[in-house]
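Residue numbers count from 1 along this sequence.
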Amino acid sequence: LWKFFHMTPGQRGWDESVATVDDARQKNLFYDTIGKVINNDRGRIRGGSPYAYLSMDPDYPVHKVEVKDAQTGKVHHFLIGRPFYVTRGPLGRATRSYVAYGLGGEGIKYLKDSWAVDNSGLLPEGDAFAILNKANVPSLLPITCAGNVEVAGAVQRTEIQLWAKKPYPWRAPCSPSFRALRHYRLVQDLAYPLECLKSSREVVIVFRDVLKYTCFLLLRLPRLTGCD
């Protein structure tokens, strides 16, 4: 507890790159835009957009999030509401998924906020998508931006793996398997779950596209087939 109480908010895991939106105009802009998405999707997909409905939950505040693209260095800003997916439990990568509205003209997007393994030997997700796009891989959702979350000019990383290795005679042994993680965000076009499909024909089209994508990877980019 002593160490925890002497940490900065960023060291405790608080995301200092996110700000609560108090401006009523920006809040209304977010809700109005999401409402238009719901209206447009009613005739296009079955049951409407489940993600958009959750994003308009009035019990959740609207936040402004920044994403610095690792490829171009450009900083993008998005408005988000309630996440439509949250990792359950304290284990895992703390992944959160949002419907996001871009303040720079990006429109409605999908924003993924997670903690990726901090290993120089692993290809970041955004870089993998850049390779796939350059190779003209079919049936791929376009990427708007992706990159590490920076706080005060430094990438936000976990520190528990460092402290777990320090010998303290008064402490019970810690697991040596803690992996270093870094805060990472990715933004791309919004997709919908399979339950939104309206006919068996649309189901067949989806699996056809998945098959084309998989065959393309196996033939052209086999080193990326292990990535998710």
Side-chain angles (χ1 to χ4, degrees), residues 1-20 51 54 60-61 63-100 109-133 141 143-168 171-188 190-191 223-228:
L1 288 178
W2 182 91
K3 175 61 181 176
F4 180 80
F5 286 119
H6 284 77
M7 286 179 172
T8 65
Q11 289 174 327
R12 294 180 185 179
W14 286 100
D15 190 352
E16 298 175 298
S17 66
V18 175
T20 302
Y51 302 159
L54 284 174
Y60 278 73
H63 290 96
K64 182 179 179 181
V65 182
E66 73 173 38
V67 182
K68 183 178 180 180
D69 186 51
Q71 298 287 327
T72 64
K74 181 180 178 181
V75 178
H76 301 254
H77 292 93
F78 298 89
L79 298 180
I80 58 173
R82 176 182 175 180
F84 63 81
Y85 173 81
V86 178
T87 300
R88 296 183 178 181
L91 303 178
R93 307 286 180 80
T95 300
R96 289 173 175 258
S97 298
Y98 300 87
V99 174
K109 299 292 180 178
Y110 161 70
L111 189 149
K112 175 184 176 183
D113 183 288
S114 64
W115 290 79
V117 176
D118 190 14
N119 187 327
S120 59
L122 297 178
L123 189 66
E125 192 172 0
D127 293 355
F129 271 105
I131 294 174
L132 295 174
N133 283 321
L141 288 173
I143 291 290
T144 303
C145 53
N148 297 318
V149 176
E150 296 183 2
V151 177
V155 176
Q156 193 174 32
R157 289 182 166 91
T158 57
E159 296 186 4
I160 189 172
Q161 72 280 354
L162 303 176
W163 291 96
K165 296 178 181 178
K166 295 182 180 293
Y168 291 110
R171 185 185 66 185
C174 290
S175 171
S177 62
F178 287 116
R179 292 186 295 180
L181 303 176
R182 54 184 167 75
H183 202 173
Y184 193 82
R185 291 197 183 111
L186 179 142
V187 180
Q188 63 184 147
L190 187 66
R223 69 188 183 93
L224 291 181
T225 54
C227 301
D228 51 22

Distance-only donor-acceptor hits, side chain of residues 80-96, under 3.5 Å, sequence neighbours excluded:
{"residue": "R82", "atom": "NH1", "partner": "D57", "partner atom": "OD2", "Å": "2.8"}
{"residue": "T87", "atom": "OG1", "partner": "T95", "partner atom": "N", "Å": "2.9"}
{"residue": "T87", "atom": "OG1", "partner": "T95", "partner atom": "O", "Å": "3.2"}

Interatomic distance, [X] atom [atom1] to [Y] atom [atom2] [nearest 0.5 angstrom]:
X    : Y    : atom1 : atom2 : answer
R179 : N119 : CZ    : CG    : 9.5 Å
W115 : L181 : CH2   : CG    : 7.5 Å
R182 : Q156 : CZ    : CD    : 12.5 Å

Smallest separation among heavy atoms of [X] and [Y], with atom names:
X    : Y    : result
Y184 : G126 : OH-N, 2.9 Å
F78  : T144 : CZ-CG2, 4.4 Å
K112 : S114 : CE-OG, 3.9 Å
D15  : S17  : OD1-OG, 2.6 Å

> Mind checking what makes side chain to side chain donor-acceptor pair (under 3.5 Å) contact with Q71, not counting sequence neighbours?
Replying inline: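 Per chain and number, Q71 pairs via side chain to side chain donor-acceptor pair (under 3.5 Å) with D127.
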Using atom types as modelled and distance alone, determine if a side-chain donor or acceptor of [X] lies under 3.5 Å from a backbone N or O of [Y].
X    : Y    : answer
D69  : A146 : yes
Y98  : D113 : no
R185 : E66  : yes

> So do the side chains of H63 and T20 get within less than 4.5 Å of each other, counting heavy atoms only?
Replying inline: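 Yes. Closest side-chain heavy atoms under 4.5 Å.
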>> The test is side-chain contact (heavy atoms from CB on, under 4.5 Å); show your working for L123 and I131 and say whether it passes.
In response: CA-CA 10 Å; L123 189 66; I131 294 174; 3.9 Å; yes
> What residue among L186, L111, V187 forms side-chain contact (heavy atoms from CB on, under 4.5 Å) with C145?
Replying inline: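 Passing option: V187.
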